[in-house]
Colleague: 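First, the structure itself, so that you have it in front of you.
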Amino acid sequence: MLDIQTLRTDLTTVAARLATRGFVLDTERFGELEAARKAIQVRTQELQSKRNSSSKLIGQAKARGEDTTAIMAEVALVGDELKLMEVQLGELQVALQQMLEGLPNMPHDSVPVGKTEADNVEVRKIGSIPQFGFAVKDHVELGEGLGGLDFETAAKISGARFSVLKGGLARMHRALAQFMLDTHTDQHGYTEVYVPYIVNADSMRGTGQLPKFEEDLFRVPRQMGESGEQNFYLIPTAEVPVTNMVRDEIIPMEQLPLKYVAHTPCFRSEAGSAGRDTRGLIRQHQFEKVELVQIVHPDESYAALEQLLGHAESILQMLGLHYRVVRLCTGDIGFSAATTYDIEVWLPAQNTYREISSCSNFEAFQARRLQARFKCGTGKPELLHTLNGSGLAVGRTLVAVLENNQLADGSVSIPEVLRPYMGGLEVLRAS
RNA sequence: GGAGAGGUGGCAGAGUGGUCGAAUGUACCUGACUCGAAAUCAGGCGUAGGUAUAUGCCUACCGUGGGUUCGAAUCCCACCCUCUCCGCCA
C-alpha cells in the first residue's frame, strides 16, 4: 500500500511513476473522493464535537437536578445529521481504502523502464552452458526412466498439475530442501522458522495477495459461529506467514535485521496459466520452496537485497548449476515489489533459462499494510522494510539438477553437496 | 466436544453509564542532586486522523462487529482470541 499522504501532496508524481509499470492511476477519481472525504469528515467531526460538549452539559445539569429537556431536544437533532454523515464518511473511507489497496508499489528509480519481460536486463551470468556428448533428455523423461516420477498417479489422486515422487527422486527432493535450509542457517545467519500453511485473510492482505489476486489462491471456507463464514487460504509462498509474523508489531531497532528462512509447501491455483508449462514439474499446484525473508531498517534494505540475492545464488553455485541474474523491468515486477531480481537457471532440455528464484525489496509497501514498525529509543515508530526471495524453489531445483547432471545412460550424478543427505550415494540409477 | 476465567496504553494492572484517553506501578526520556552511577525528587511519555501553522483546537480508538442511550471501557447481542480443567486424538 502506498502512503496516502504522498498521494495527497504529490499525486502527479505518483501517477507518473506508476505509469512506468503500465498502471493507470485515476487521479480524477482520487481527487473527487478526497474532496468529498475532507468535506464530510470536517462536518462529521464538528457534529461529534457538538454532541460531546452538549452531552457533558446534560450530565452536569442533571447532577445539579436541573431540567434538561430543551438541550436534549437540541442534541437529538445533531444526532440525526451525525448518523447520516457517519454513514457517508464510512462509505467514502471504504472507497478510498479499496482504491489504495488496488494500487501497486512504485518501482525504485533504479529499475529499468520497460513493458514486458523482453525488456528485463541481464545483470550477470555465472558458470557456462554445459555441453553433452549425447542427446539430452528432459527431467520428465529422466525421472520416469529412473522410476521416480509419476504424473498419472498424481492425476488420479488429485488432478492435473500435481506430481508423485518416489525413491531416489523423492529423497533428492528432500535432500535439496535440507541442504538449502542448513546452508542458510549455518552460513548466512538466518533463523529457521516453522509456520502455518493455512492463513487468514488479514495475512493475505498484509503481504498484498488480497484483495487483488484471490483467483490465484486456494481458498478454504470456514464456518465461524452460526451464521458467519470466514475464509482461510493455503499459502502461495512462505513469504505470507513469515512476513506476517511482524504484523502489528513494533520491533526494537537493536533487534534488526530479522532474517528468517522457512521451508514450506506452496499452493497456487495457476488460474490464467492454462496451457503454459503443462509438462513436468515446472508449474504445479503444490510445490516446495525454501524462502528467505528479511525485515530491516529502511536505510539498509537495498544492501540487504544484494545480500539476500547472493544467498540464493550461493545455493546454485554449490550445486554447480549455470544461471543468470536478471533485473526485472518496471512492466514486469510484481504488484508489491519496488525492485526485483530473478535468478534463472539453465535447463538444457529446454535450451533456455528458467526462473528459479525471485528476490524483491518491497520497501514499506507491505509494512504499511502490516503496520510493521520499529522504534529507536524514544523516537516515533517508523515503518520497516520487508524483503524476500526464494532460496530456492525446490521442485525447479530438482529439475535443474536432473537435467544438468544427466549421464548418457539416463542416470544422474548427484552433486557432491547433496551426497551427505543421500547416504553417500553418488549416482541416481533406475532401481 | 463439555465447563469455567479473561481480553484496557511498551509491559503489569485499576476502572461507579456522565470532564475517562483512561488511576497506579514499571519501563523509557529530560532536568535536579552526584566526580560519575545507583537511589531520591520534579516534569514528560499511546496510536491514527482532521484542521492549520497557533508551544493551538478538534475527532476516533479500552479484542472485533452490531445495538441501547443525550452520553458507553462500563449495559445488551453476536463473533474472534487467550488461559485453566475434563473428554477425545497424531
Side-chain angles (χ1 to χ4, degrees), chain A residues 1-9 30-31 33-97 99-101 194 196-206 210 220-233 241 244-256 258 364 367-384:
Chain A
M1 199 159 67
L2 298 175
D3 182 10
I4 194 163
Q5 300 291 4
T6 314
L7 277 113
R8 283 174 186 149
T9 55
F30 180 80
L33 284 173
E34 258 296 288
R37 189 224 93 227
K38 204 163 183 168
I40 289 179
Q41 184 165 356
V42 169
R43 181 65 187 149
T44 303
Q45 295 190 350
E46 246 173 53
L47 292 168
Q48 285 171 329
S49 174
K50 196 164 174 187
R51 182 200 59 195
N52 288 348
S53 55
S54 297
S55 293
K56 225 165 247 181
L57 288 178
I58 291 171
Q60 288 165 358
K62 282 198 163 172
R64 289 192 299 266
E66 294 169 9
D67 176 58
T68 56
T69 42
I71 188 165
M72 277 173 75
E74 199 182 307
V75 180
L77 291 177
V78 172
D80 291 342
E81 191 187 347
L82 184 58
K83 222 161 238 173
L84 212 76
M85 289 290 126
E86 279 177 340
V87 171
Q88 283 186 36
L89 183 62
E91 285 167 359
L92 277 166
Q93 280 170 335
V94 167
L96 268 167
Q97 183 67 17
M99 188 172 182
L100 210 57
E101 283 185 353
Y194 169 80
Y197 304 152
I198 303 178
V199 301
N200 57 34
D202 282 341
S203 293
M204 286 296 183
R205 200 170 298 110
L210 289 180
V220 183
R222 186 200 189 199
Q223 198 66 31
M224 296 299 241
E226 269 142 48
S227 51
E229 195 177 84
Q230 190 177 315
N231 290 322
F232 275 169
Y233 297 87
N244 270 278
M245 293 199 304
V246 296
R247 171 150 56 88
D248 296 320
E249 297 289 332
I250 298 173
I251 311 291
M253 197 170 86
E254 55 274 16
Q255 285 179 21
L256 299 177
L258 302 178
R368 188 169 293 111
R369 293 177 169 229
L370 294 162
Q371 281 303 296
R373 296 171 294 177
F374 71 97
K375 195 170 177 177
C376 154
T378 55
K380 287 221 160 204
E382 283 181 59
L383 294 173
L384 290 157

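So that the names make sense, note that chain A is the first sequence line, chain B the second, and so on, each numbered from 1. Computation of the quantities below employed the complete heavy-atom set of this structure, encompassing side-chain atoms and omitting hydrogens, waters and symmetry-equivalent molecules.
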Colleague: Distance between the C1' atoms of B/G15 and B/C62, in whole angstroms?
Modeller: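 Taking atom C1' in both B/G15 and B/C62, they lie 11 Å apart.
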Colleague: Between B/G66 and B/U47, how many Å separate the two P atoms, rounded to a whole number?
Modeller: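 Comparing P positions in B/G66 and B/U47 gives a spacing of 25 Å.
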Colleague: I'd like to know if the side chain of A/Asp248 and the backbone of A/Gln371 have a donor-acceptor N/O pair within less than 3.5 Å.
Modeller: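 Absent.
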Colleague: Closest heavy-atom contact between A/Pro241 and A/Val199?
Modeller: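 For A/Pro241 and A/Val199, the tightest heavy-atom pair comes out as CB-CG1, 4.3 Å.
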Colleague: Taking the P atom of each, how far is B/A60 from B/A54, in whole Å?
Modeller: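 Their P atoms lie roughly 26 Å apart.
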Colleague: Check whether any side-chain heavy atom of A/Leu96 sits under 4.5 Å from a side-chain heavy atom of A/Phe30, and report yes or no.
Modeller: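 A/Leu96 reaches A/Phe30 side chain to side chain.
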Colleague: Give each stem of RNA chain B as a range with a range, requiring at least 3 consecutive Watson-Crick or G-U wobble pairs whose two distances are under 3.5 Å.
Modeller: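 Consecutive-pair runs (3 or more) involving RNA chain B: B:1-7 with B:80-86, B:10-12 with B:24-26, B:28-32 with B:40-44, B:46-51 with B:56-61, B:63-67 with B:75-79.
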Colleague: Is A/Arg369 reaching over with its side chain to a backbone N or O of A/Arg205, donor-acceptor style, under 3.5 angstrom?
Modeller: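 The answer is yes, because a donor-acceptor pair under 3.5 Å joins these two groups.
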Colleague: Could you measure between the two C1' atoms, the one in B/G17 and the one in B/U74, and give it in whole Å?
Modeller: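 B/G17 and B/U74 have their C1' atoms separated by 7 Å.
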Colleague: Could you check whether A/Arg373 gets within reach of a base, just the sugar-phosphate, or nothing at all, counting any heavy atom under 4.0 Å?
Modeller: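 Contact class for A/Arg373: sugar-phosphate only.
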Colleague: Tell me, with the steps shown, if A/Val220 and A/Asn231 meet side chain to side chain contact (heavy atoms under 4.5 Å, CB included).
Modeller: CA-CA 6 Å; A/Val220 183; A/Asn231 290 322; over 6 Å; no
Colleague: Side chain to side chain donor-acceptor pair (under 3.5 Å), that's the test. Do A/Glu101 and A/Gln97 meet it? Break it down for me.
Modeller: CA-CA 6 Å; A/Glu101 283 185 353; A/Gln97 183 67 17; 3.3 Å; yes
Colleague: Using heavy-atom distances to pick each residue's nearest nucleotide on RNA chain B, tell me which of A/Ile4 and A/Thr44 is more 5'.
Modeller: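 Closest to the 5' end, via its nearest nucleotide, is A/Ile4.
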Colleague: Could you tell me how far apart A/Gln93 (CD) and B/A60 (P) are, to the nearest whole angstrom?
Modeller: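 Value for this atom pair: 13 Å.
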Colleague: Please report the distance separating the C1' of B/U30 from the corresponding atom of B/A22, rounded so that it comes out in whole Å.
Modeller: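 The answer is 25 Å between these two C1' atoms.
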Colleague: Do the side chains of A/Arg373 and A/Glu382 get nearer than 4.5 Å, heavy atoms only?
Modeller: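 When only atoms from C-beta onward are counted, A/Arg373 and A/Glu382 do not touch, as no gap falls below 4.5 Å.
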Colleague: What distance, rounded to whole Å, do you find between the two P atoms, one in B/G21 and one in B/G63?
Modeller: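 Between the two P atoms, the distance is 16 Å.
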Colleague: Report the distance from atom CD of A/Glu86 to atom P of B/G66, rounded to the nearest whole Å.
Modeller: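 Spelled out: CD on A/Glu86 to P on B/G66 is 11 Å.
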Colleague: Pick the closest RNA chain B nucleotide for A/Gln48 and for A/Lys38 by heavy atoms, then say which residue is nearer the 5' end.
Modeller: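 Looking at RNA chain B, the more 5' nearest nucleotide goes with A/Lys38.
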Colleague: Quick one: does A/Gln41 reach the base of B/G49 with a side-chain donor-acceptor pair under 3.5 Å?
Modeller: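 Checked by distance alone, the answer is no.
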Colleague: At under 4.0 Å, does any side-chain N or O of A/Gln5 touch on OP1 or OP2 of B/G50?
Modeller: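 Yes, within the criterion.
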Colleague: Will you find, in the side chains of A/Ser55 and A/Asn52, an N or O donor that is under 3.5 Å from an N or O acceptor?
Modeller: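 A/Asn52 and A/Ser55 do not have a side-chain donor-acceptor pair below 3.5 Å.
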Colleague: Could you measure between the two C1' atoms, the one in B/G25 and the one in B/G9, and give it in whole Å?
Modeller: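 One C1' to the other, the span is 13 Å.
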Colleague: Would you mind listing every salt bridge (charged side-chain N to carboxylate O under 4.0 Å, His left out) that reaches into residues 75-86 of chain A, with sequence neighbours excluded?
Modeller: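 Listed once each, the pairs are A/Arg43-A/Glu81.
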Colleague: Please tabulate, one pair per line, each protein N/O and nucleotide N/O from nucleotides 68-71 of chain B that are separated by under 3.5 Å, including the distance.
Modeller:
residue : atom : partner : partner atom : Å
B/C70   : O2'  : A/Ser55 : OG           : 3.2
B/C70   : N4   : A/Lys62 : NZ           : 3.2
B/G71   : O4'  : A/Ser55 : OG           : 3.2

Colleague: Figure out the CG/P separation between A/Asn200 and B/U64, and round it to whole Å.
Modeller: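 So the CG-P distance, A/Asn200 to B/U64, works out to 16 Å.
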Colleague: Which part of the nucleic acid does A/Glu249 contact within heavy-atom distance under 4.0 Å: base, sugar-phosphate only, or nothing?
Modeller: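 No contact at all - A/Glu249 keeps every heavy atom at 4.0 Å or more from the nucleic acid.
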Colleague: Check the distance between B/G10's P and A/Asp248's CG and give it to me in whole angstrom.
Modeller: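 So the CG-P distance, A/Asp248 to B/G10, works out to 12 Å.
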Colleague: Please tell me if the side chains of A/Phe374 and A/Leu256 come closer than 4.5 Å, counting only heavy atoms from C-beta onward.
Modeller: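 Yes; the side chains approach each other to less than 4.5 Å.
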Colleague: Which whole-number value in Å describes the distance from A/Ile40 CD1 to B/A60 C1'?
Modeller: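 Going from CD1 in A/Ile40 over to C1' in B/A60 covers 17 Å.
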Colleague: To the nearest Å, how far apart are A/Ile251 CD1 and B/C11 P?
Modeller: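 So the two atoms are 12 Å apart, to the nearest Å.
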Colleague: Could you tell me whether a side-chain N or O of A/Thr9 sits under 3.5 Å from a main-chain N or O of A/Gln5, the two making a donor and an acceptor?
Modeller: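 Yes, because the side chain of A/Thr9 sits within donor-acceptor range (under 3.5 Å) of the backbone of A/Gln5.
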Colleague: Rounded to whole angstroms, how far apart are CD on A/Gln45 and P on B/A48?
Modeller: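 About 16 Å, once rounded to whole Å.
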Colleague: Starting at atom CZ of A/Arg247, determine the distance to atom C1' of B/U64, rounded to an integer number of angstrom.
Modeller: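 Value for this atom pair: 13 Å.
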Colleague: Give me the distance, rounded to whole Å, that separates B/G44 from B/C57 when you measure between the P atoms they each carry.
Modeller: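 15 Å, rounded to whole Å.
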